[in-house]
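See structure below.
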Amino acid sequence: MEYLSSSLIRQLSQLDLVARLVVDGMTSGQHMSPFYGFNIEFAEHRQYMPGDDVKHVDWKVLAKREKLYVKQYEESTSLKAMILLDVSRSMEFASRQLIPREESNADGDSANPAREDRYVEISKLLYSKYLVAALSYLMLSQKDSVGVVTFSDQVHEFIIPRSNPGHLHLILETIDKAKTGKKTGISETLERVAHQLKRRALIVVISDFLDDAEELLRGITYLKHLKHEPMLLQVLTPEELEFPYDRPARFIDMEDGSHLDLEPKVMRDEYKRLLGGFMERVSFECGYHKIDYQKFSTGDPVELVLSRYLMKRSRM
Amino acid sequence: MSFANPLFLLGLLVAGVPLLLHVLKTRNLKTLDFPSLIFLKQVYRQKSFRLRITQILLLLTRMALITTVTLAFAQPYFQSAALSFLNPRPRVHAILLENSASTRASFSKVSLFQRTLETARTLIAGAANEDQLILMSSSPVARVVYEGTVESFDGLERIEPTWDDSDWNHALDVMDERLVGYPGSERTLHIISPFRAVDFTADLASTISTRAQVVLHPIRLPAHENASIRSVTVQPSVVTQAMKVSGSAHITVHVGGDARGSSAVTGSSGAGSLPVQVKFLVDGQLLQTRDLPPGARDESLTFSFQAETPGFHQIEIVLPTDSLSIDNRREAFVEVLPHRRVTLVNGKKRANPTGDEGTYLRRIFGTGSRPVDGFVLHEVLEIPREGDLQGTDLLILANVESITKNQAQMIHGWCSRGGSTVVFLGDQINLEAYNSSFFSGIGSLALNNLVGLRSDWNVSRTGGSVLEALFDSTYFKGITSDQYYLIQTEGVDGLTSPLTFDDGTPALALISRGRGWLVLVNSSANTQTSNLPLFPIFPILMSELARISTDRPVRVHEVGERVVFDLQGDDPEVILQVQGPDGDLHRLEPERTGTGFIVPFDNADRPGVYVFTRKSRNLRESIRFVVVPPLKEFDLASANLDEVVELIPGALLVNDAAGTTRSGKSGLTILDFLLLGAAIFVLSELMLIWSLESLILRGQEPGHS
């Protein structure tokens with residue numbers, strides 16, 4: 001994926017374009033999409049009974065044992081997925097990223113080739129919208145039902161899952177116009193969404209998860225308890241991960257407005273240690289509960305991170 | 001509580017600088033939005049207490065440091081008895097400055113002495129009003145000029161450069177006594193001097209260094225332009241008319257130099273320095289001039305001229321006026337006597353040259369109308385009276401037949417006052433008359449009889465006589481006599497026989513008589529009894545005998561020196577007086593000594609020619625002597641500063657020329673140390689403030705920069 005200019009990607013139609021570019025870019029040239037097993041989960045073999053569709057006969061088993069077995073699937077119907085997008089104020093934190101000259105020239109404006117490097121600001125929210133768009137497009141293209149919830153300390157938008165292709169337009173329009181809230185309240189949102197989903201569903205949570213770790217873990221274990229399949233995608237900026245500031249400054253919390261006057265160089269190591277500890281704990285708990293957890297940095301290309309994650313998931 | 005320098009209290013305002021910087025920096029902090037401070041707050045909570053305590057302590061420390069520095073400069077003084085122990089020790093500034101003649105040296109119209117005063121003024125200005133001040137000058141004798149508080153000091157005007165040397169040992173001695181009177185005080189002795197001829201002892205220097213911190217302030221000039229006449233010699237100093245006078249002048253040239261001052265002159269000529277022109281004058285008339293190139297060295301210049309007129313002649317060596325104006329003019333005197341007068345009593349004047357006693361003597365001494373080599377011969381037939389001997393240098397009795405007692409007494413007296421008499425013992429002398437009159441007063445000296453033995457003249461091995469250089473056997477080889485008198489010489493005081501016959505009889509006898517000489521030649525003055533007159537040694541011997549009593553060097557005395565005349569047992573009942581160069585007469589009184597009388601003269605207070613005269617009923621004698629300015633030697637080149645520093649343990653040396661200081665063998669002054677320490681302190685404090693502002697007040701741990 002090529003980065004697009006910020007003016008373009010802010011347009012609704014471009015979200016669609018981005019989603020297409022992401023998914024098509026990943027699947028192009030492949031013999032088989034790696035994502036078919038996403039909603040066709042193999043469960044067990046049973047003996048062939050008259051009336052069974054022969055296409056389900058496992059020919060390999062027949063070759064080995066000379067008995068007819070058919071493969072049974074746990075879910076033969078389409079997957080229901082709900083994507084939860086954190087739109088709290090902290091998600092507006094943007095990372096200032098350098099676009100090299102040749103890359104910035106790739107915007108397509110060949111008449112005015114960029115002569116210098118330039119910077120774009122990519123916020124966590126924008127990056128998350130890319131993820132939502134890409135995932136929605138991907139799932140809808142597989143006839144899965146996709147719904148989207150935007151939330152902060154409360155639920156802002158709730159789009160129920162549907163599988164018709166026109167549903168993508170609604171999703172993209174909704175996330176594009178999504179307004180940011182205040183604080184992050186993940187656990188309450190997870191509980192509410194879990195109760196509203198009658199059937200078992202894939203619940204993708206896209207957030208920076210800068211909340212109380214206990215609350216977060218309580219929420220996702222609750223989802224797991226309700227037989228849902230939670231998947232956590234944590235989006236952070238390089239600034240949050242590395243804390244690269246040098247000069248003393250007043251840091252203002254984007255969610256509650258509090259501030260601290262700090263010497264970043266002094267705080268950096270301890271901050272990174274605490275942040276790393278938090279992420280490790282989340283990762284450990286997710287692993288323990290067999291929950292997918294993946295970190296994203298806005299400094300990394302979306303398709304690269306997404307494909308890496310989905311490849312990994314396909315092998316699970 | 002009062003302050004010595006209250007203005008320094010303004011420095012307390014600096015103590016607010018850390019707070020001000022903190023406030024300013026806090027206000028100017030850059031604001032950054034951050035998604036969540038959840039983790040940063042945890043970090044901050046972990047360290048907040050420690051950081052705040054450290055912050056407060058360091059703020060207080062910084063302010064205390066600045067306050068301490070400020071108070072140190074302000075110098076608080078506590079009137080309260082309970083706090084008086086905090087007061088600084090009273091300080092004593094002892095200043096010993098050199099005001100010897102060498103400090104008159106100058107360059108660009110600034111003398112060493114002026115620079116000495118300038119340094120002293122600087123030191124005094126730097127002292128507090130309540131400090132004690134001891135001011136001492138070093139020349140001509142150590143003198144305490146002022147002792148009291150700095151506040152009541154009334155200036156340095158009472159000290160002037162002298163024309164004498166410094167009395168360093170006495171100066172340090174006196175200063176040591178004064179410093180002992182200030183126990184418990186902080187004592188500093190500043191010695192301000194060019195340090196050219198410092199001669200105090202190491203023991204004394206060591207003693208005074210235990211009383212006080214000794215600080216040496218060498219005074220230097222960028223360069224100097226000096227030439228001095230060290231000495232002038234004239235040889236001989238008494239000549240007769242028509243003789244050549246020669247002499248030499250020893251001159252030290254010290255022209256040029258570099259920025260390090262006098263000690264740095266190493267012989268290279270200074271840029272732009274002109275040669276030193278030396279003038280030689282005789283009686284005020286220019287004799288010759290010589291140019292000496294610039295540099296640092298000693299020169300010996302010779303001069304000569306022909307003495308024409310009798311009397312004292314003044315020889316002046318004059319250098320151009322230089323920065324020091326010392327020894328630029330020096331004079332010497334030469335006494336030119338009239339032609340030495342030789343009175344010949346010719347006892348046997350004959351037409352035959354071999355029988356004429358004056359034949360060979362006239363060749364030596366000339367005649368009355370034709371002087372030869374500074375001699376003029378006055379020939380008489382009878383022994384002259386005493387008055388006729390006035391002006392005679394040598395009396396020759398050549399084969400004179402007889403001498404009366406009165407004549408003999410007169411001759412002896414004349415000899416004792418400086419005359420010389422040569423007696424040729426020819427064949428016609430009357431032995432009885434000579435023995436009874438002429439030799440009767442000279443121990444057991446007597447002529448026995450004339451013997452007709454042929455004998456060589458031999459140089460006696462005993463030697464030790466006057467004119468010894470003449471009595472070499474080669475000069476007298478071949479001289480023989482056909483007859484001679486046997487002479488009894490045993491027990492005669494002051495008699496030497498440098499020449500003898502084969503049997504030991506004196507051929508030549510020298511008898512000291514007072515200031516003169518009596519010379520016996522056991523031969524005639526012609527070739528009748530010996531061939532002596534035919535040999536080259538004869539005229540030389542006679543000339544030297546003529547000079548033996550009159551060739552006395554000119555008496556030269558320095559101004560102020562006591563001049564003593566020895567009367568040698570003569571009757572002091574005479575008129576004794578000295579006539580000065582201005583014509584004023586000084587009557588003198590004789591003083592008795594163990595052997596006779598001496599006449600002291602203490603009024604030689606100005607340079608010039610003086611005449612000492614003694615008069616009695618039958619005697620009139622004059623002695624001329626010269627009074628010259630005192631010889632002053634100023635060694636401009638030997639600035640032995642390192643040796644001086646070595647003498648004083650722990651002495652500090654302030655090198656004002658280079659602007660640097662050395663300690664021990666070299667050193668900083670206390671003031672320099674204080675200023676340096678304060679500068680470093682303030683600098684480190686500023687650095688501390690800067691670093692603390694960024695490290696501490698913003699939450700960084702100490703030492704985590």
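What you see is a predicted model; the values in this text were computed from it and never measured. Below, read A as the first sequence line, B as the second, and so on, with proteins coming before strands; counting in each chain starts at 1.
Panel note: side chain D253(A), backbone L37(B); a donor-acceptor pair is recorded below 3.5 Å.
Distance check: K183(A) NZ to S36(B) OG gives 9.0 Å after rounding to the nearest 0.5 Å. Within the model, atoms CZ of F251(A) and CG of L40(B) stand 7.0 Å from one another, a figure rounded to the nearest 0.5 Å. Atoms CD and CD1, on E255(A) and I38(B) in that order, are 9.0 Å from each other to the nearest 0.5 Å. From F278(A), atom CZ reaches atom CZ of F39(B) across 5.0 Å, with rounding to the nearest 0.5 Å.
Taking every heavy atom of both residues into account, V43(B) and Y271(A) meet most closely at CG2-N, 3.9 Å. In plain terms, the two heavy atoms of P35(B) and S90(A) that are nearest each other are O-CB, 3.5 Å.
Note on K41(B) versus D256(A): salt bridge recorded, some NZ/NE/NH1/NH2 to OD/OE distance being below 4.0 Å.
Proximity to chain B (any heavy atom under 4.5 Å) is restricted, for K124(A), to the side chain, taken from C-beta onward.
Taking 4.5 Å as the limit, some side-chain heavy atom of Y44(B) sits within range of a side-chain heavy atom of M267(A).
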**Asked** After noting the C-alpha distance and the side-chain angles of L32(B) and I252(A), does the key distance pass the side-chain contact (heavy atoms from CB on, under 4.5 Å) rule?
**Response** CA-CA 6 Å; L32(B) 291 176; I252(A) 298 176; over 6 Å; no
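Contacts between residues 236-247 of chain A and chain B, defined by a heavy-atom separation under 4.5 Å, are made by E239(A), E240(A), F243(A), Y245(A).
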